[in-house]
Amino acid sequence: RRFSGPTDGQCCKDGETMRWNQDKERENQEKIRDFQAKMTRSYAFKRAYAARRAWEFYNHPDVAGRCYVAVGGLDSITLFLFLRSIGIDVPATSVSMLEDRSIQQVHKVLGVKGLKPAKNHQGRPYGKIEVVREYGFPVLSKETAGKIYTLQHPTEKNATVRHAIMTGETGEYGGFRKSTRMKMSQKWLEKFGGPENKREGTNYQTAPFLVSDLCCYYLKEKPCDDYAKESGRFPYMGLMASEGGRRQKALMLNGCNYISKDTKRSAPFAIFTRQDLLTLALEMQEWYHEHWEEFRPIIGEEDGVEIYGDPVHLETIVPDIYGEIVRDPLNMTPEEIEEYKAAHDGAEPEGQLRTTKAQRTGCQMCGFGIHLEHRPHRFDRIRHKNPKEWDMWMNHVCQDETGAWYGWGLVLDYIGVGWKDDIFSPEDPKMLCEECAATLQKDFALEQPEGAENMTIKRGSCWSCGRKRKLAPYYATGEASRE
């Protein structure tokens with residue numbers, strides 16, 4: 001039989017689709033370039049830009065002032081105060097019970113409304129351990145954990161998706177594309193692809209624990225979504241594209257404000273860097289001390305209406321888990337200074353701002369990004385701060401079919417992240433490169449054992465960063481002095 005090719009109409013339609021896709025891609029690239037250009041502008045520009053975008057969202061006809069602030073750590077605490085400072089007085093909410101106690105204390109004084117996690121099958125709010133036991137450990141990244149969860153929960157409906165995760169081939173639904181980003185990285189396929197061995201003819205390992213990306217949904221996202229639906233309000237969020245992750249491209253394409261039929265949200269800090277955020281946090285610290293009496297803590301609720309107490313003056317808006325915001329000495333050559341000024345509208349460079357303790361915070365049982373952290377990583381720091389809590393998370397979260405307990409220790413062992421040794425052990429000093437020793441001395445008081453010069457080696461794997469470097473032995477005796 002003679003092959004019948006596509007009709008002229010089909011060719012025309014395909015050509016139009018291709019041109020539309022090309023035009024859309026060019027438009028997206030232009031949006032990204034424009035966004036990236038804004039990220040290089042001065043702090044003064046970004047601060048004014050954030051205020052303008054925040055008011056535009058507030059005044060949009062589809063929003064009409066029906067807003068709230070989704071508050072968590074320092075970024076969104078700063079956003080809440082910034083909005084108040086420019087005249088946008090809207091309520092703030094948070095699932096505070098998931099945060100560090102020092103963050104909870106700031107939330108309470110500022111009058112942040114506490115939300116409860118989504119309800120479990122018995123109608124009670126989920127607990128942190130319970131959601132891990134039911135759905136799996138949040139590890140590696142949200143995207144990768146979601147793929148592993150799909151592989152560990154096969155159904156007829158997700159067969160095509162599972163094949164794409166294993167091979168990158170999308171099938172008919174995805175246009176028969178190959179080598180797509182749907183494929184999980186080979187490194188993690190080797191560790192977690194085992195459930196598909198029979199179907200795909202592979203020989204990958206099967207993890208002895210469950211993995212999931214659903215913790216955030218049940219503990220944080222759904223409670224906030226439910227609040228938004230019940231109250232008819234739309235969120236301000238402290239998201240920044242500079243943090244990377246899955247939201248980076250979405251922020252670059254959609255900008256600070258995104259308003260559609262189904263979604264309305266504002267991220268006034270979208271173009272901020274970490275330095276911009278910390279600079280604004282210091283400014284909001286000063287503003288708060290002048291206006292602290294405007295904030296009243298929620299002390300109860302009656303018939304669905306919050307009861308407010310008398311104002312309480314915080315010494316600092318920076319929760320203790322972050323320590324203090326300090327500025328490191330400037331470390332630039334004259335040539336680098338001139339290059340910086342040329343790229344930043346003539347602004348003079350300053351030393352980098354940082355927090356003296358945690359740089360980022362989140363749920364204590366969260367393992368997203370743990371494999372990328374230098375040691376001491378987040379779980380190491382829990383060990384120093386609260387040994388009993390650390391032991392619970394490492395060893396007593398779930399039980400296997402024999403009744404034996406396990407926790408994050410098993411997960412970290414499986415993905416190759418150390419956790420059993422401790423930098424606070426004089427009997428077992430850690431071999432550190434010069435760069436990591438200097439970095440850790442900002443947070444910890446480090447000492448060297450007797451005979452350290454005889455233990456120095458010319459090239460080995462640094463305990464903290466893992467790179468091949470000249471190493472010397474150190475151990476910590478406590479936190480670094482902040483004086």
Side-chain angles (χ1 to χ4, degrees), residues 73-75 100 102 240 242-245 273-279 281-282 318-333 336-337 340 349-362 364 366-386 390 412 416-426 428-449 452-453 455-483:
L74 180 60
D75 299 5
D100 181 80
S102 64
M240 298 185 291
S242 59
E243 295 176 311
T273 64
R274 186 67 180 161
Q275 291 300 298
D276 298 323
L277 187 284
L278 294 178
T279 300
L282 291 174
V318 182
D320 183 66
I321 190 173
Y322 296 96
E324 303 172 23
I325 300 175
V326 299
R327 189 180 297 279
D328 288 333
L330 183 63
N331 184 24
M332 297 175 70
T333 65
E336 290 172 335
I337 292 175
Y340 178 92
E350 297 179 294
Q352 293 288 295
L353 290 171
R354 64 179 178 88
T355 50
T356 55
K357 293 182 182 177
Q359 302 302 303
R360 311 290 308 168
T361 60
Q364 289 176 305
C366 184
F368 290 145
I370 186 68
H371 59 300
L372 304 176
E373 291 185 11
H374 291 183
R375 297 194 69 189
H377 50 57
R378 68 192 73 170
F379 291 119
D380 292 326
R381 292 172 187 264
I382 293 176
R383 180 179 191 171
H384 169 59
K385 185 178 179 180
N386 192 331
W390 172 84
L412 297 184
V417 174
W419 63 279
K420 295 178 182 178
D421 51 352
D422 183 10
I423 196 172
F424 286 88
S425 174
D428 181 26
K430 301 298 176 285
M431 302 302 290
L432 303 175
C433 67
E434 183 177 348
E435 181 180 345
C436 287
T439 299
L440 290 177
Q441 282 176 334
K442 297 175 181 178
D443 297 330
F444 302 102
L446 296 184
E447 292 190 9
Q448 292 190 289
E453 62 278 1
M455 300 170 66
T456 300
I457 58 177
K458 291 184 177 180
R459 190 169 180 81
S461 296
C462 174
W463 178 82
S464 179
C465 68
R467 295 174 296 182
K468 297 290 185 180
R469 294 286 191 275
K470 180 181 178 181
L471 307 176
Y474 293 88
Y475 63 92
T477 59
E479 292 187 356
S481 172
R482 307 302 176 193
E483 297 179 359

**Student:** Do Pro429 and Ile423 have side chains that approach each other closer than 4.5 Å (heavy atoms only, starting at C-beta)?
**Tutor:**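 Sidechains of Ile423 and Pro429: no contact.
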
**Student:** Give a yes or no on whether the backbone of Glu324 and the side-chain of Thr356 come within a donor-acceptor separation of less than 3.5 Å.
**Tutor:**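 Yes, the answer is positive, given that a donor and an acceptor are paired below the 3.5 Å cut-off.
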
**Student:** Is there a side-chain contact between Trp463 and Asp421, using heavy atoms and a 4.5 Å cut-off?
**Tutor:**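 Side-chain contact under 4.5 Å: yes.
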
**Student:** Under 4.0 Å between a side-chain nitrogen and a carboxylate oxygen: does that hold for Arg469 and Glu435?
**Tutor:**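 Here Arg469 does not pair with Glu435 in a salt bridge, since their nearest N and O are not under 4.0 Å apart.
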
**Student:** Suppose we screen for side chain to side chain donor-acceptor pair (under 3.5 Å). Which residues come up paired with Thr273, at least two apart in sequence or across chains?
**Tutor:**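 Partners of Thr273 under the side chain to side chain donor-acceptor pair (under 3.5 Å) test: Asp276.
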
**Student:** Tell me, with the steps shown, if Val326 and Lys442 meet side-chain contact (heavy atoms from CB on, under 4.5 Å).
**Tutor:** CA-CA 11 Å; Val326 299; Lys442 297 175 181 178; over 6 Å; no

**Student:** Are side-chain heavy atoms of Lys357 and Asp443 found at a separation under 4.5 Å?
**Tutor:**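 No - every pair of side-chain heavy atoms lies 4.5 Å or more apart.
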
**Student:** Please report the interatomic distance CD(Gln448) to CD(Glu453), rounded to the nearest 0.5 Å.
**Tutor:**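 One gets 8.5 Å once the value is rounded to the nearest 0.5 Å.
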
**Student:** Judged by atom type as modelled, is there a donor-acceptor pair below 3.5 Å linking the side chain of Tyr322 to the main-chain atoms of Leu74?
**Tutor:**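 Yes; judged by distance alone, with no hydrogens or angles, the pair exists.
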
**Student:** Is Asp422 close to His384 at the side-chain level, that is, under 4.5 Å between some pair of heavy atoms?
**Tutor:**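 No, every pair of side-chain atoms sits at 4.5 Å or beyond.
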
**Student:** Testing Cys433, Cys462, Ser461 one by one against Lys468 for a side chain to side chain contact (heavy atoms under 4.5 Å, CB included), which residue passes?
**Tutor:**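 For Lys468, the side chain to side chain contact (heavy atoms under 4.5 Å, CB included) check succeeds only for Ser461.
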
**Student:** Flag the pair Lys430 / Arg375 as yes when at least one side-chain heavy-atom distance between them is below 4.5 Å, and no otherwise.
**Tutor:**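 With C-beta onward as the side chain, the pair stays apart.
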
**Student:** Which atom pair, heavy atoms only, marks the closest approach of His374 to Cys436?
**Tutor:**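 Nearest heavy atoms, His374 then Cys436: ND1-SG, 4.4 Å.
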
**Student:** Would a 4.5 Å heavy-atom cut-off, applied to side chains only, mark Tyr340 and Ile337 as touching?
**Tutor:**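 A side-chain contact under 4.5 Å is absent here.
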
**Student:** What distance separates Asp428 CG from Tyr475 OH, expressed to the nearest 0.5 Å?
**Tutor:**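 If I round to the nearest 0.5 Å, the distance is 12.5 Å.
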
**Student:** Can you give me the closest heavy-atom contact between Thr456 and Pro473, atom names plus distance?
**Tutor:**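 Heavy atoms of Thr456 and Pro473 come nearest at OG1-CD, 4.3 Å.
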
**Student:** With the threshold set at 4.0 Å, does a side-chain nitrogen-carboxylate oxygen contact exist between Lys385 and Asp100?
**Tutor:**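 Salt bridge: yes.
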
**Student:** Look up atom CG in Asn386 and atom CZ in Arg381, then write down how far apart they are to the nearest 0.5 Å.
**Tutor:**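 Rounded to the nearest 0.5 Å, the CG-CZ separation comes to 15.5 Å.
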
**Student:** Using only atom types and a distance under 3.5 Å, with no angle test, would you say the side chain of Arg383 pairs donor to acceptor with the backbone of Lys420?
**Tutor:**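 Indeed, once roles are kept as given, a pair shorter than 3.5 Å links the two residues.
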
**Student:** In terms of relative ring orientation, are Phe424 and Phe444 parallel, tilted or perpendicular, with 30° and 60° separating the classes?
**Tutor:**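 The rings of Phe424 and Phe444 stand perpendicular, inter-plane angle above 60°.
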
**Student:** If you compare all heavy atoms of Leu440 against all heavy atoms of Pro376, which two are closest, and at what distance to 0.1 Å?
**Tutor:**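 Here Leu440 and Pro376 meet closest at CD2-CD, 3.5 Å.
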
**Student:** Evaluate the side-chain proximity of His377 to Ile382: yes if any heavy-atom separation is below 4.5 Å, no if none is.
**Tutor:**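 Of all side-chain heavy-atom pairs linking His377 with Ile382, none is under 4.5 Å.
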
**Student:** So with a 6.0 Å cut-off around CD of Gln441, is the heavy-atom count from everything else above 12?
**Tutor:**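 Count over threshold, so yes.
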
**Student:** Please find the pair of heavy atoms, one from Leu471 and one from Gly460, that lie closest to each other, and give the distance.
**Tutor:**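 Distance-wise, the nearest heavy atoms are CD1-C, 3.4 Å.
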
**Student:** Start with the C-alpha gap between Glu373 and Arg378, add the side-chain angles, then the distance that decides, and say whether salt bridge (charged side-chain N to carboxylate O under 4.0 Å, His left out) holds.
**Tutor:** CA-CA 8 Å; Glu373 291 185 11; Arg378 68 192 73 170; 2.4 Å; yes

**Student:** Is a donor on one side and an acceptor on the other found under 3.5 Å between the side chain of Gln275 and the backbone of Leu353?
**Tutor:**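 It does hold such a pair.
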
